[in-house]
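What follows is a single structure, written as structure tokens, with notes after it.
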There are 2 protein chains.
Amino acid sequence: MTETRIERKERTRRAILDAALELCERQPLAALSLRQVAKQVGIVPTAFYRHFESIDELGLALVDESFTSLRDLLRSARTFDSPPASDRALFLAVVDNSVKALVTHVPKADRHFRFIARERLAGPAPVRAAVRHQLELIERELATDIARVPGAGGWSGEDLLILANLLVNAMLSHAEEIALAGGREDVVRRIEGVARRQLHIVLIGALSWDSSR
Amino acid sequence: MTETRIERKERTRRAILDAALELCERQPLAALSLRQVAKQVGIVPTAFYRHFESIDELGLALVDESFTSLRDLLRSARTFDSPPASDRALFLAVVDNSVKALVTHVPKADRHFRFIARERLAGPAPVRAAVRHQLELIERELATDIARVPGAGGWSGEDLLILANLLVNAMLSHAEEIALAGGREDVVRRIEGVARRQLHIVLIGALSWDSSR
DNA sequence: GTTCTTGGTGTACACACGTACACCCAAACT
DNA sequence: AGTTTGGGTGTACGTGTGTACACCAAGAAC
């Protein structure tokens, strides 16, 4: 039954992260007190310092953890069961895949998504910066992804980033709504429909873009 | 020099709202203390209660005030200097008008926009509800606006709302970025370009939507 | 001119906060 | 086996917090 020291440390570190994530459901990170977290975990306040130097640092750890969830989502959105034959089929498959990934992954990591949504603009400055940086990385990745799609040849790098920004913003807002839906099936399905149609509209517009300048 | 009682009351009420708005630049509303606000205003803590029952109620007042700014922006976006002749001209005029309204109005009321951006998802529950409600109203208004545009005949009411949601989300995120830019001209101009191109893409996609189902 | 009303004051309390410090004890190292 | 290391404890402090209460002074109502 003897537990190695690093195991024990990792266990209470996890407990702190979980406690903070749960407490953040009711209040922003900036309003979170070290003592609240310690009480929730079941340790004495000063023990907190054995793991994090401050609440801000805790927040940065939570951002990292949350974006791991998001990357999982994005990876599965890029994975196709069967490679689509035609360009049009690829198109529809991309839309379908992305939206499906959204509605299956977000509810599984809803606390993380709610955390990001909350702290993206309201968190302490270092946390805000970290979130912003991660989102920019995602936009860039999406832009290079789009560049490989047939029909995107005439697009400039800047235009690709602008399109990626539009898509990430839209999907992020849907992810927020799904995370806030608390798993209610009907709400999630409605959002799924909205997301699909919006993706359609944007991609159709994007396809006839460079011819319309 | 005698000041009427309601004048005086209104003056310190304003001072409280301003103080809260300024303090909220550095921390979310939920982390704001009654005493901080009182100190900033220059009154004793208990005097706060003469104007608001709680910080939450103060927040609701700030939401009201902030959305007054937003409505101003939207009204001017709907106003045309000269009525466009062709459908295509109307189109371009709408895009141009909206984006211009964005970049001229947001910097003037940037504290309000930052407040909304922060508290929309991180604020106390009543504040979040109020912001959400106001945004829904705006989406509905935009949907009925779009319905009047020639070429939107084949759109169902639900599709109009979905399109409006896409547009409001995109413009909101640009408003947030402008408000966070702190008035730096080059940043604002870059965002202006992004907003314009995104609007173009979406509207082009929307135009060829019902033929593509 | 007297009384009423009310925005603002000052004192006082119980509580939560971050953090410093001395301590404990079991795993880890030698 | 003896020593070191480090996660967790308990006490103690000054400070900030929300709010109750009695009070004041000047505009409003009579």
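Each chain gets a letter, A, B and so on, in the order its sequence line appears, and its residues count up from 1.
- Taking the side-chain contact (heavy atoms from CB on, under 4.5 Å) definition, one finds that L70(B) meets it with F67(B), L74(B), F113(B), I138(B), sequence neighbours left out.
- Annotation: side-chain hydrogen bond (donor to acceptor under 3.5 Å, both in side chains) contacts involving residues 120-132 of chain A, sequence neighbours excluded, are absent.
- Over its full length, the helix from dG1(C)-dC30(D) to dT30(C)-dA1(D) turns its helical axis through 20°, comparing axes from the five pairs at each end and rounding to 10°.
- Between T46(B) and R50(B), the residue whose closest nucleotide on DNA chain D is further toward the 5' end is T46(B).
- Residues satisfying the salt bridge (Lys or Arg N to Asp or Glu O under 4.0 Å) test with R50(A), not counting sequence neighbours, are none.
- Using modelled atom types and a 3.5 Å distance limit, the side chains of T12(A) and H51(A) yield a donor-acceptor pair.
- Between the OH atom of Y49(B) and the P atom of dG18(D) there is a distance of 7 Å, given to the nearest Å.
- Qualifying side-chain contact (heavy atoms from CB on, under 4.5 Å) partners for A61(A), counting only residues two or more places apart in sequence or in other chains: R13(A), L17(A), F52(A).
- Bounding nucleotides for the chain A contact on DNA chain C, 5' to 3', at a heavy-atom distance below 4.0 Å, are dC17(C) to dA28(C).
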Footprint string (nucleotides 24-30 of chain D, 5' to 3'): B base within contact, S backbone only, - free, heavy atoms under 4.0 Å: --BBS--

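- DNA chain C lies under 4.0 Å from at least one heavy atom of each of the following residues of residues 27-45 of chain A: S33(A), L34(A), R35(A), Q36(A), P45(A).
- Ion pair E10(B)/R5(B) not flagged as a salt bridge, since none of the NZ, NE, NH1 or NH2 atoms sits closer than 4.0 Å to an Asp/Glu carboxylate oxygen.
- Applying the side-chain contact (heavy atoms from CB on, under 4.5 Å) criterion to V194(A), with sequence neighbours excluded, gives H174(A), R190(A), Q198(A), I162(B), N165(B).
- Counting only residues at least two apart or on different chains, the salt bridge (charged side-chain N to carboxylate O under 4.0 Å, His left out) pairs with a member in residues 55-67 of chain B are R14(B)-E65(B).
- R118(B) and E176(B) are not joined by a salt bridge, as no carboxylate oxygen comes within less than 4.0 angstrom of a charged side-chain nitrogen.
- Not counting sequence neighbours, the partners of E192(A) by the side-chain contact (heavy atoms from CB on, under 4.5 Å) test are V99(A), V103(A), R189(A), R196(A).
- Within the structure, salt bridge (charged side-chain N to carboxylate O under 4.0 Å, His left out) contacts touching residues 20-41 of chain B (residues at least two apart or in different chains) are E25(B)-R114(B).
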